[in-house]
Amino acid sequence: MKTRHLVIVLGDQLDLDASAFDGFDPAQDRVWMAEVAEESTHVPSSKPRIALFLSAMRHFAQAASERHGPVDYTRLDDAGNAGTLAGELRRAIARHQPAGLVMTAPGDWRVLQALRAVADACGLPLDIRDDRHFFSTVREFAEHAKGRKQLRLEYWYRALRQKHRILMEGDAPAGGQWNYDADNREAFGKAGPVDLPAPVRHAPDAVTREVLALVETRFASHPGRLDRFDWPVTRAQALGALEDFIAHRLPLFGRYEDALWAGEPWLYHSLLSAAMNLKLLHPREVVQAAEAAWRAGHAPLAAVEGFIRQILGWREYVRGIYWTQMPSYLDRNALDAHEPLPEFFWTGDTDMACLRDALTQTLTHGYAHHIQRLMVTGLYLLLLGVRPQEAHQWYLSVYVDAVEWVELPNTLGMSQYGDGGLMASKPYIASGKYIQRMGNFCKGCRYDPGESTGPTACPYTTLYWDFLMRHETMLAGNPRMGMQVRNLARLTTDKREAIREQARHLRRKA
Ligand SMILES: Cc1cc2nc3c(=O)[nH]c(=O)nc-3n(C[C@H](O)[C@H](O)[C@H](O)COP(=O)(O)OP(=O)(O)OC[C@H]3O[C@@H](n4cnc5c(N)ncnc54)[C@H](O)[C@@H]3O)c2cc1C
Ligand code: SF4
């Protein structure tokens, strides 16, 4: 019998109940999946990231074949693998001669264009269905954004809370406030974290071990390492990771959301982004589990609201930004930044203690928590004046949770201010003193966060003042930056020149 639909499943669409499977008939339809080198090389994907995608795809194909019949699956090392999604899809079309193609909306604009082009070239209809893995649709976001000069998270988040009845008491927000940030975001204090709960491990099984060996040989020159790989690669493991977070880390999530601590990569974070982005976990079940923990008295409201805001708020918001702004968003560079990415971002080889820790952990685990990404690695690139597109490529390469719809707005918009304030109301800039306040790195560093010039000056502090001077006119027009800009008046002409010279030196060194 001829194939009715070839159902396309991408590496970040690993949900047996995805819209692509609506009306699936194993007698007429066929699931198609392919591992292709292009998805690991269009940016130099890190070894942990490649391994997570491939292992999760292989586990999912097994589950899909049990539910939906045989899966047409191409492995990376299969003979004749075309190396691109488009090339592999063409080969699958030739094998099955389907009457049409069906898929859930992909997360990447680039992938959507490539698959559309194949469908057009083959004269096949491509049925693209809404991704039910989000609380909102891109259409709803576009409607919300219509006529607004600036897009801000808060109103979008509140609308979603009301619509989906999350943390609500009647028409009012639970506890009477929409936002509990004031109760959150503490540092650990001198003693540091006490009895940090170690996250549950997911030891590699035979499928994962085979993938790890493949990645180690095939992508030997790619960044990162695999000897600590323990990410959840199945839905069952992802549910275990959720349970572990809710039981052990959620209660202190909000309080230490912004804290940093040397040698402690996880703190009280959930580590659920990769599982959600691959669609092993539904954000709704994550949000519901967190709300239930509050209602059961297991976690305080401030922690739960802070956590839910990240998922129902930020995650939905950045997706809306991505799909309403692409493809021109990719090229934006509002600060006219043109420095190259420092080479040590690929190795971690730097004498800046905070940056070395964040980079080493990133390359070891494919993970850094939000404040490390925003206020350690991202801040350094922003202050140095690195081209946002190079920053984007790095973030898309190294993190296990990196998928363009969420990575790009966070990097180019929130972290690098490349969109000129569409996403963030001001550039997230700070001197080394912020990093000193939020953690314990500076004590063990050869630099001094209080110094902006001289041999022990903290590079963040030098570059912070240099950034303020370089962008003084633009920043002076931003009411949220007023105090920082006014502080420039404290600098003498000589000091300004010394800072500029030291910043030039840092750029040459990078
Ligand atoms: C420069 C930069 C790049 C980033 N790149 C990515 C990326 O490629 N993929 C990614 O999923 N997140 C990205 N983020 C957002 C955030 O840093 C990660 O989601 C988070 O660190 C993942 O760790 P976690 O699961 O322990 O998160 P938690 O701190 O436990 O937060 C809970 C969940 O909230 C969601 N979330 C939190 N912050 C954001 C945010 N700003 N945008 C969207 N969702 C958010 C995530 O799904 C996360 O799992 C980036 C942030 C920055 C500043
Ligand atoms: S002194 Fe500067 S570079 Fe060193 S750890 Fe502190 S903030 Fe980082």
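Whatever order the structure lists them in is the order used to number ligands and atoms, beginning at 1.
Ligand 1 has no nitrogen or oxygen under 3.5 angstrom from a nitrogen or oxygen of F307. Ligand 1 has no nitrogen or oxygen under 3.5 angstrom from a nitrogen or oxygen of T411. Any N or O atom pair closer than 3.5 Å counts here, and L272 shares at least one such pair with ligand 1. Annotation: H269 places an N or O atom under 3.5 Å from an N or O atom of ligand 1; distance criterion only.
Residue contacts with ligand 1 for F253 involve side-chain atoms from C-beta outward but no N, CA, C or O (heavy atoms, distance under 4.0 Å). Of the heavy atoms in A402, both backbone and side-chain atoms come closer than 4.0 Å to ligand 1. With a heavy-atom cut-off of 4.0 Å, H369 touches ligand 1 through its backbone alone. Heavy atoms of A274 found under 4.0 angstrom from ligand 1: none, in either backbone or side chain.
In this comparison of M375, M423, H392, R373, the heavy atom closest to atom 20 (C) of ligand 1 sits on R373. Nearest residue to atom 24 (P) of ligand 1 from V286, L408, L271 is L271 (criterion: closest heavy atom). Taking only non-hydrogen atoms, the option from M414, E316, H370 nearest to atom 21 (O) of ligand 1 is H370. Counting heavy atoms only, S270 comes closest to atom 28 (P) of ligand 1 of the residues P265, S270, G313, A241.
Neither side chain, K433 nor T461, offers a donor N or O lying under 3.5 Å from an acceptor on the other. A donor and an acceptor atom, one from each side chain of N410 and Y395, are nowhere located under 3.5 Å apart. H42 and R110 are linked by a side-chain donor-acceptor pair at a separation below 3.5 angstrom, with hydrogens and angles left out of the test.
For an aromatic pair to be called close, the ring centres must be under 6.0 Å apart, and W314 with Y157 fails this. Between F307 and F245, the gap from one ring centroid to the other is short of 6.0 Å. A centroid separation of less than 6.0 Å is found between the aromatic rings of H365 and W266. Y268 and F253 have their aromatic ring centers separated by at least 6.0 angstrom. Between Y367 and Y399, the ring centre distance reaches or exceeds 6.0 Å.
Here the heavy atom of the protein found nearest to atom 38 (N) of ligand 1 is Q310 OE1, 3.4 Å. For atom 39 (C) of ligand 1, the nearest non-hydrogen atom of the protein is W314 CB, 3.9 Å. Of the protein's non-hydrogen atoms, N277 ND2, 2.8 Å is the one closest to atom 11 (O) of ligand 1. For atom 7 (C) of ligand 1, the nearest protein heavy atom (residue, atom name, distance) is D401 OD1, 3.3 Å. The single protein non-hydrogen atom nearest to atom 4 (C) of ligand 1 is N410 CB, 3.6 Å, given as residue, atom name and distance. Regarding atom 46 (C) of ligand 1, its nearest protein heavy-atom neighbour is S273 CB, 4.1 Å.
When every heavy atom of L488 is checked against every heavy atom of L468, the shortest pair comes out as CD1-O, 3.7 Å. Taking every heavy atom of both residues into account, N184 and G254 meet most closely at CB-O, 3.1 Å.
Within a radius of less than 2.8 Å around atom 2 (Fe) of ligand 2, the protein N, O or S atoms are C458 SG.
Under a 4.0 Å N-O distance rule, the pair E285/R235 qualifies as a salt bridge.
Although no hydrogens or angles enter the test, the distance criterion places no donor-acceptor pair under 3.5 Å between the side chain of Q13 and the main chain of L278. With hydrogens and angles ignored, the 3.5 Å screen pairs no side-chain donor or acceptor of E291 with any backbone N or O of Q288. With hydrogens and angles disregarded, a donor-acceptor distance shorter than 3.5 Å links the side chain of E316 to the backbone of F135. In terms of modelled atom types and a separation under 3.5 Å, the side chain of R201 and the main chain of W231 share no donor-acceptor contact. The backbone N or O of L167 sits less than 3.5 Å from a side-chain atom of R161, completing a donor-acceptor pair.
Put simply, no part of Y317 is less than 4.0 Å from ligand 1, judged by heavy atoms. Under the 4.0 angstrom criterion for non-hydrogen atoms, Y367 is in contact with ligand 1. Within the 4.0 Å heavy-atom shell around ligand 1 one does not find Y399.
Of all atoms in ligand 1, numbered sequentially from 1 with element shown, those under 4.0 Å from a heavy atom of V406 are 9 (N), 10 (C), 11 (O), 12 (N), 43 (C).
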